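Worksheet for the structure shown next.
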Amino acid sequence: MRIVFFVNSIEGEAPYYTTTSLAIAAMARGHDICYVTPDGFVLRPDDSLSMRAIIPGVGKPKNAEAFIADLNAKTSTETIDVVDVDVLFLRNDPSLDADERPWAAHVGAMFGRLAVERGVIVVNDPDALAKAQNKLYFQDFPEVIRPTTLISKSLDEIRAFIDSQKRGVVLKPLQGSGGRHVFKIKSSKESNLNQIFEAVSGEGYLIAQGYLPDAVEGDIRLFLMNGRPLEKDGSYAAFRRVPAKGEVRSNISAAGTATAVKITPEILEVAEIVRPKLVADGMFLVGLDIIGSKILEINVFTPGGLQNIDRLYGVDFSSVVIEALEKKVSTRANYGSRLSNAVLATL
């Protein structure tokens, strides 16, 4: 099986990324893997679609650091036809390209569709990812699992919303990730609200969410695969992200700490509520950020943390993900185009 990982850039990849863990797991299971970046697609006059792929060195890497070092050395670049690809795994974060390379933000979904038309299994489904380019996608899920939310560019609207929330609000950009420009606002009378508004609104629309008191303990990142909690040997692919002292953000990239967590029936019920839409949309691998009975975000592009989970519990979930892709390739071989990509992605 040949798996292509689509990422923002090779230089931006890191040993602790979930994409790295998935790639190493695929190699360990005997599969060929390569990476493609937004400038790597070629659609020729004969309507054939190719990719300029970066291929790691031959052999299994000693560790994640060695793998990334080899990948950055770009020891081998090969142009491959998509008909020779089994799985295209879209693992780019559109928000990272939105400012400096806006042309690159939607490339994965655009060319992912063309790859689907040529028989490649693409996860997550590119049509659904095109609709999920920002946090507005989250508003399509049932209200019961969403915090009270306002989306606006009006400071007057935001001030009024803050006044309506006794515990304050969390303010963040509609388009963004990694905890960038996330602020806790206690009162509409805060002296620096205008400055915060100017800083965040420069990125477009704003989301103001009613603050959840349980957030002081951090949130829970729970992985879903094929619409259900990712599980192996009685353990769930989940961990608690504890914010650093004085921080409102629990993102690991914002100095948050990963700790073990027990998955309760309440959390599983939250996952069950979002399952139907994730399955219908062909969202193969997803990360839910949960506080209490509410979901703060649904990460459908680059859910991360599998290496944290491996460290906490000693359970290799990356291999479980690759095994699921193997089954999809086998199903495609048996059914051909009779099953749509969106159906196959979560089957």
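If you're wondering where the values come from, they're calculated on a predicted model, not measured in any experiment.
Between Phe5 and Phe89, the angle of the ring planes stays under 30°, which puts this pair in the parallel group of the 30/60° scheme.
If you chain together hydrophobic residues whose side chains sit under 4.5 Å apart, Phe183 and Leu212 never meet in one group.
A donor-acceptor pair under 3.5 Å is formed between the side chain of Thr331 and the backbone N or O of Lys327.
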Intermediate values then yes/no, side-chain hydrogen bond (donor to acceptor under 3.5 Å, both in side chains), Arg29 and Ser319:
CA-CA 8 Å; Arg29 294 180 68 86; Ser319 295; 5.2 Å; no
So Asn124 and Leu90, side chain to side chain contact (heavy atoms under 4.5 Å, CB included) or not? Walk me through it.
CA-CA 6 Å; Asn124 293 337; Leu90 301 178; over 6 Å; no
Step by step, work out the side-chain hydrogen bond (donor to acceptor under 3.5 Å, both in side chains) result for Asp156 and Ser154.
CA-CA 5 Å; Asp156 290 338; Ser154 166; 4.9 Å; no
Audit row: Asp233, Ser235, side-chain hydrogen bond (donor to acceptor under 3.5 Å, both in side chains) steps and yes/no:
CA-CA 6 Å; Asp233 299 333; Ser235 296; over 6 Å; no
Evaluate side chain to side chain contact (heavy atoms under 4.5 Å, CB included) for Val42 paired with Thr79, printing each intermediate quantity in order.
CA-CA 9 Å; Val42 180; Thr79 300; 5.8 Å; no
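Residues Phe161 and Ser188 have side chains not in contact (no heavy-atom distance under 4.5 Å, counting atoms from C-beta outward). With a 4.5 Å cut-off on side-chain heavy atoms, Ile309 and Phe223 count as touching. Using a 4.5 Å heavy-atom threshold, the side chains of Phe317 and Met225 count as separate. The side-chain heavy atoms of Asp39 and Trp103, taken from C-beta on, include a pair separated by under 4.5 Å.
A search for ring pair (Phe, Tyr, Trp, His ring centres under 6.0 Å) contacts involving Phe141 returns Tyr137, not counting sequence neighbours.
A donor and an acceptor atom, one from each side chain of Asp289 and Asn299, are nowhere located under 3.5 Å apart.
Checked for salt-bridge contact, Glu323 and Lys232 miss the test: no charged N lies under 4.0 Å from a carboxylate O.
Shown are Leu278, Leu285, Leu230; of these, the side-chain contact (heavy atoms from CB on, under 4.5 Å) with Leu224 is made only by Leu278. Shown are Asn8, Val4, Thr18; of these, the side-chain contact (heavy atoms from CB on, under 4.5 Å) with Arg91 is made only by Thr18. For the side-chain contact (heavy atoms from CB on, under 4.5 Å) with Arg2, the qualifying choice from Val120, Asp86, Ile33 is Asp86, the only one to do so.
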